[in-house]
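Below is one structure, written out as C-alpha cells, with a few remarks after it.
Below, chains carry the letters A, B, ... as their sequence lines are ordered, and counting in each starts from 1.
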Number of protein chains: 2
Amino acid sequence: MQMSRADILKRLEQHKVTPTPQRLEVAEVLLERPQHLSADQILDRLREAGSRVSKATVYNTLKLFSERGLVRELTVDPDRRYYDSTTHAHHHFFNVGTGELSDIPEDQVEILKLPALPDGTEQESVEVLIRVRDRQTP
Amino acid sequence: MQMSRADILKRLEQHKVTPTPQRLEVAEVLLERPQHLSADQILDRLREAGSRVSKATVYNTLKLFSERGLVRELTVDPDRRYYDSTTHAHHHFFNVGTGELSDIPEDQVEILKLPALPDGTEQESVEVLIRVRDRQTP
DNA sequence: TTCTATGCAAAGACTTTGCATGCTG
DNA sequence: CAGCATGCAAAGTCTTTGCATAGAA
C-alpha cells in the first residue's frame, strides 16, 4: 500500500468522506498497509505519535469509514471490532490465543458448494474463518 | 432434541458441570431445541417463566457451559454473544438486519481447498458464515 | 447570521469480577 | 469446623449519543 497523504485524501473523497485533520490521522495509520486493527490499537498508535484525538472520535471515524466502504469491519472477537484496510473479499485466520488476525488470499480457498439462501434474503458476503491456536511445544 | 429434565441432568454431568437450580433452568431453555440465543434472550425467557435468576448468573452459566463444551459460543454479532445448542461442526446464515441466525447443515457446504496454517499453530475450527439481508420488495 | 457538520464528555450496553452466602467432607 | 463452590451487586470495557463548537452559505 504505502499511501502518500495525497493518496489518502483521494481515497477519502472517493468514498464521500469529508477530510478533517482527525480523519486523516486515523486513515494514515490504518491504510498504511494491509492490516487489521481495533479502535484502541489505532488510538494507541496515534497517541504515541503525539496526536490528541479523543477516543470517541476514533470510534466514530472508524464507524464512518466502514459505512462508506473505505475499510471493512470484521467480527471475529466478541470483545472488540477489527477494521481491515483490505476491502475486497478474502478470508481470515484468527489466533484465538493471541487475538492475531491474518489474511487468507481468496485463491487459497475454494468453496465447491453453498446452500440456497433463506427465502426473501439476498447474500451480503461469504466468509471463511479458520480459528487457530498456538501449538503446544512442551 | 426435546430433552427431559433427566436428560439435561445427564448432559450436565457428562460435561462435568455441577447441577444447580439456576444452571438447570438455563440449560432447559437453551437445550430445548437446536437454536441460537443470547444471554439476554435467555434471561427474558426465564423471567417470563417466573424465574428470579440474576443477569450475572445467566452470563456466568453460559460461559461455563461453553468452556465445558456443553454449548458453543458464536461470534457473528459484535454486540452480543450467541450460544448454540448444537455443538457439532456446522455453518451459519446471519441476517444482518434482523440478527437472526440459522444453521447450514454441514453437508450443504463443501470446501475444496484450504490454505496451510500459519507456522506453529493448530486448527481449532473452520467456519463459513454467510451474511444475508432481507431483499427489498418495493 | 442561520444552518450544517464535527469532536468530545458523558452515558449506555454487554460482560466479568470480588465478595458474601451456603454447602460438603 | 475448614474448605470449596455458587450467585449476585457492583465494577469494568468497549462503543454510541447528545450537545457545544466551528465552519459554510
- For A:Leu117, what are the other residues in its hydrophobic cluster, where any two members join if their side-chain heavy atoms are less than 4.5 angstrom apart?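 Besides A:Leu117, the cluster holds A:Phe93, A:Ile104, A:Val109, A:Ile111, A:Leu114, A:Val126, A:Val128, A:Ile130, A:Val132, B:Phe93, B:Ile104, B:Val109, B:Ile111, B:Leu114, B:Leu117, B:Val126, B:Val128, B:Ile130, B:Val132.
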Find the distance [X]:[atom1] to [N]:[atom2] and express it as a whole number of Å.
X       : N      : atom1 : atom2 : value
B:Glu67 : D:dT6  : CD    : P     : 13 Å
B:Asp40 : C:dC14 : CG    : P     : 6 Å
A:Asp77 : D:dC14 : CG    : P     : 10 Å
B:Gln41 : C:dC14 : CD    : P     : 11 Å
B:Tyr59 : C:dT15 : OH    : C1'   : 6 Å
A:Glu73 : D:dT15 : CD    : C1'   : 11 Å
B:Tyr82 : C:dC14 : OH    : C1'   : 13 Å
A:Arg80 : D:dG12 : CZ    : P     : 18 Å

Taking atom types as modelled, is there a side-chain donor on [X] or [Y] under 3.5 Å from an acceptor on the other?
X        : Y       : value
B:Asp103 : B:His91 : no
B:His92  : B:Asp84 : yes
B:Glu25  : B:Ser51 : yes

Its contact letters, B for base, S for sugar-phosphate only and - for none at protein heavy atoms under 4.0 Å, make nucleotides 3-12 of chain C read ---SSBB---
Think A:Arg81 has a side-chain N or O under 4.0 angstrom from the OP1 or OP2 of D:dC14?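 Answer no for this pair, as no side-chain N or O of A:Arg81 is under 4.0 Å from OP1 or OP2.
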Next on the checklist: Check this for me: does any side-chain nitrogen of one of B:Asp77 and B:Arg80 sit under 4.0 Å from a carboxylate oxygen of the other?
Outcome noted: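 Between B:Arg80 and B:Asp77 there is a salt bridge, with a charged N closer than 4.0 Å to a carboxylate O.
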| task | Apply side-chain contact (heavy atoms from CB on, under 4.5 Å) to A:Arg23 and A:Phe65, showing your working. | result | CA-CA 9 Å; A:Arg23 289 174 180 180; A:Phe65 283 3; 4.3 Å; yes
